[in-house]
Student: 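The structure under discussion is supplied below as structure tokens; questions concerning it will follow.
Note that the structure is predicted; figures quoted are calculated from it, not measured.
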Amino acid sequence: MSALNGLEPKKVFEYFEMISSVPHGSNNTTQISNLCCKFAKQRGLKHYCDELGNVIIYKEASCGYEAHDTVIIQGHMDMVAVKTPDCGIDLENEGLKLKTDGKYIWAEGTSLGADDGIAVAMAMAVLDSDSIEHPPVEVVFTINEETGMDGAQFLDASFLHGKTMLNIDSEAEGVITCGCAGGMHALAEYTLDAQKTERFCVELQIGGLTGGHSGNEIHKNRANSNILMLKLLADINGSAVFRLVSIDGGEKDNAIANSTRAVIAISESDFETVLSVVDGFFKRSLEQYKTTDPELSIRVNELGNRCVFASDEEMTDKIISALSVVPNGVQTMSGDIEGLVESSLNLGVVKTRNNTVSLSFCLRSSAAAEMLNIRNKLLKIVKMSDGKLRFDGEYPAWEYKKNSALRDKAVMVYERLYGAKPELCVIHAGLECGLFADKIDELDCISFGPNIPDIHTTSEKLDIASTQRVWEFLIELLRRL
């Protein structure tokens, strides 16, 4: 039996459940691309799938709308696929286990992928309907938005004819997004020069953090477990000599890391010193983050004497000393829009593999000069400590348009439906709208969506009533266009 049976809008939730049945984490989108193509083929809709897996589906105008301008409906197919430590679901090969209490929908043990599965579901419901009034429609489903917007970056826009675009990739009802920051990814790598040694080993674990989206929630100053671990190791390094065995934390570079684990090799006589340093660090951190991260925990596990591969003391000192001062979080605030974060940096993932420690950062800014400043600062820190740094996945900012017929129409529709004005905003998070605006001359675009609390986490939920209202807004806006 369908987990979402009886929920309205029926078709939207039917298609949301369908796409949730196949794995569709970033860089694992083949099945959902095929599913979208099959959906179009079964309905006799012209469609195109490029070699990356982006899908475009075309639908002719409903009766009486043939002469109206084409509208693009756009969303991404991939999700941030994370799960709880005790969840047995293989997110590479299995779908999600959806649950509902009639008010919210969530996935058991995993993230939900309403970001941006709800866009795919709503667009499918439009494509499948014989009763919705709409102009000619071009539906664009892109891949890998969450890991660099590769789908939108390399999409051939010559397959699109519309100059008006509805992006359904926002997470707050009543908010119409009209601009966003640009961004890029950075990967720093350090060779550990690890040597085999028998030492007394200690495992450090930082967990219980709130985490969240590195764009939408970076201004909330939540603790980043990777940054905390590096600062803790720097404190230990000031009191006891140790050798780094490994450090691993975070899952995505666009998510604020909520748990990190490190293993260090020390002299057994320094164990009490390590415990004392950790205790002091924990108390200070708990005081600093008592509001944003009240469940913060730091654990020390005594592993005993072991034969391990560990970096020498000089390299350990060089890496930890440099990385413990890496900037993180909000860097600058906008001088034009009150309360808007202009630039930020997030250390999302740290991994130790094959004698190499890698650190994955997400950089965001709506100002090109500040983006360059952050790049250069990070580059200097990494180079001074003999690391390597490369940048990729750069995407442009989506600049706010002073005059927008689409935005005016959307505000009018929202006011008529709900008797109140929507909030118009520019956000610090990245959206694919900037890439489409870069490819399509004179593109008029807005972004909106239903309430989706705690995106990119295992607490992610989709508000059912909000989804109903946003669906009504979408079909009325299509009718008015």
Side-chain angles (χ1 to χ4, degrees), residues 80 82 111 115 170-172 175 177 180-186 205-235 249-260 278 280-298 323-350 359-367 370-371 373-375 377-378 381 423 425-430 452-460:
V80 172
V82 294
S111 46
D115 174 21
S170 293
E171 298 84 36
V175 176
T177 303
C180 73
M184 67 177 67
H185 301 274
Q205 292 182 330
I206 295 179
L209 304 187
T210 305
H213 190 286
S214 70
N216 291 337
E217 294 167 313
I218 200 72
H219 65 286
K220 296 180 180 178
N221 296 318
R222 294 173 180 173
N224 180 314
S225 60
N226 291 333
I227 295 294
L228 280 185
M229 182 63 79
L230 289 167
K231 291 184 181 299
L232 173 57
L233 291 174
D235 279 9
E251 295 190 67
K252 307 286 181 182
D253 62 7
N254 60 355
I256 302 168
N258 59 13
S259 64
T260 305
V278 171
F281 184 87
F282 173 66
K283 289 175 180 175
R284 293 192 302 275
S285 299
L286 199 57
E287 176 63 25
Q288 181 178 356
Y289 296 107
K290 61 185 177 184
T291 302
T292 59
D293 300 86
E295 302 301 318
L296 165 66
S297 66
I298 303 180
L323 295 179
S324 63
V325 297
V326 163
N328 190 77
V330 175
Q331 301 300 299
T332 58
M333 298 295 292
S334 172
D336 300 317
I337 302 175
E338 186 178 353
L340 175 67
V341 177
E342 180 180 71
S343 307
S344 71
L345 180 64
N346 180 65
L347 174 53
V349 183
V350 180
L359 303 98
S360 186
F361 299 86
C362 182
L363 291 71
R364 302 179 194 267
S365 184
S366 52
E370 286 304 323
M371 179 71 86
N373 286 339
I374 297 172
R375 277 186 58 147
K377 188 182 294 186
L378 190 58
I381 291 172
E423 178 186 346
C425 75
V426 176
I427 62 170
H428 185 57
I452 312 174
D454 300 313
I455 63 166
H456 297 183
T457 76
T458 55
S459 299
E460 181 183 358

Student: Could you tell me whether the side chain of Asp293 and the main chain of Ala223 form a donor-acceptor pair under 3.5 Å?
Tutor: yes
Student: Taking atom CZ of Phe361 and atom CG of Leu378, what is their separation to the nearest 0.5 Å?
Tutor: 5.0 Å
Student: Glu251: which residues meet the salt bridge (Lys or Arg N to Asp or Glu O under 4.0 Å) condition with it, sequence neighbours left out?
Tutor: none
Student: If you apply the rule side-chain contact (heavy atoms from CB on, under 4.5 Å), what do you find for Leu347 with Val326, and how did you get there?
Tutor: CA-CA 9 Å; Leu347 174 53; Val326 163; 5.6 Å; no
Student: Checking Asn258 side chain against Ser225 main chain: does a donor-acceptor pair fall under 3.5 Å?
Tutor: no
Student: Please list, chain by chain and in numerical order, all residues satisfying salt bridge (Lys or Arg N to Asp or Glu O under 4.0 Å) with Glu338, sequence neighbours excluded.
Tutor: none
Student: How far apart are the closest heavy atoms of Leu340 and His428, and which atoms are they?
Tutor: CD1-N, 3.9 Å
Student: Please identify each residue that fulfils side chain to side chain donor-acceptor pair (under 3.5 Å) with Lys377, with sequence neighbours left out.
Tutor: none
Student: Mind checking salt bridge (Lys or Arg N to Asp or Glu O under 4.0 Å) for Arg222 and listing every partner two or more places apart, or none if nothing turns up?
Tutor: Glu217
Student: When you check the gap from the basic side-chain N to the acidic O, do Glu287 and Arg284 get nearer than 4.0 Å?
Tutor: no
Student: Please find the pair of heavy atoms, one from Tyr289 and one from Asn221, that lie closest to each other, and give the distance.
Tutor: CE2-O, 3.6 Å
Student: Roughly how far apart are Leu296 CG and Gln288 CD, rounded to 0.5 Å?
Tutor: 10.0 Å
Student: Distance alone, cut at 3.5 Å: any donor-acceptor contact between the side chains of Gln331 and Ser343?
Tutor: no
Student: Ignoring hydrogens, what is the shortest heavy-atom contact between Glu370 and Ser365? Give both atom names and the distance.
Tutor: CB-OG, 3.7 Å
Student: Do you know the tightest heavy-atom contact between Pro294 and Leu286?
Tutor: O-CD1, 4.3 Å
Student: Tell me whether Asn224 contacts the main-chain N or O of Asn346 through its side chain, where contact means a donor paired with an acceptor under 3.5 Å.
Tutor: no
Student: Which atoms form the tightest heavy-atom contact between Thr260 and Gly249, and what is the distance?
Tutor: OG1-CA, 3.7 Å
Student: Hey, does the side chain of Asn226 reach the backbone of Ala257 with a donor-acceptor pair shorter than 3.5 angstrom?
Tutor: no
Student: Please find the pair of heavy atoms, one from Ile218 and one from Val330, that lie closest to each other, and give the distance.
Tutor: O-CG2, 3.8 Å
Student: Any side-chain to backbone donor/acceptor pair from Ser360 onto Asp253? Under 3.5 Å, distance only.
Tutor: no
Student: What do the steps show when you test Leu233 against Met229 for side-chain contact (heavy atoms from CB on, under 4.5 Å), and what is the final call?
Tutor: CA-CA 6 Å; Leu233 291 174; Met229 182 63 79; 4.2 Å; yes
Student: Rounded at 0.5 Å granularity, tell me how far CD1 in Ile256 sits from CG in Asn216.
Tutor: 10.0 Å
Student: His213: what forms a side chain to side chain donor-acceptor pair (under 3.5 Å) with it, not counting sequence neighbours?
Tutor: none
Student: Partners of Val175 by side chain to side chain contact (heavy atoms under 4.5 Å, CB included), sequence neighbours excluded?
Tutor: Ala172, Thr177, Glu423, Cys425
Student: If you round to the nearest 0.5 Å, how far is CG of Leu209 from OG of Ser297?
Tutor: 7.5 Å
Student: Just verifying a value: how many Å separate Leu363 CG and Ile374 CD1, rounded to the nearest 0.5 Å?
Tutor: 5.5 Å
Student: Return yes if some donor-acceptor pair links the side-chain N/O of His456 with the main-chain N/O of Ala255 below 3.5 Å, else return no.
Tutor: no
Student: Short question: side chain of Ser366, backbone of Ala181 - any donor-acceptor pair under 3.5 Å?
Tutor: no
Student: Quick check against the 3.5 Å criterion: does Thr210 have a side-chain atom that pairs as donor or acceptor with the backbone of Thr292?
Tutor: yes
Student: Rounded to the nearest 0.5 Å, how far apart are OG of Ser170 and CG of Asp115?
Tutor: 9.5 Å
Student: Counting C-beta onward and ignoring hydrogens, is there a side-chain heavy-atom pair between Arg364 and Ser214 closer than 4.5 Å?
Tutor: yes
Student: If we ignore hydrogens and angles and just use 3.5 Å, is the side chain of Thr457 paired with the main-chain N or O of Gly212 as donor and acceptor?
Tutor: no
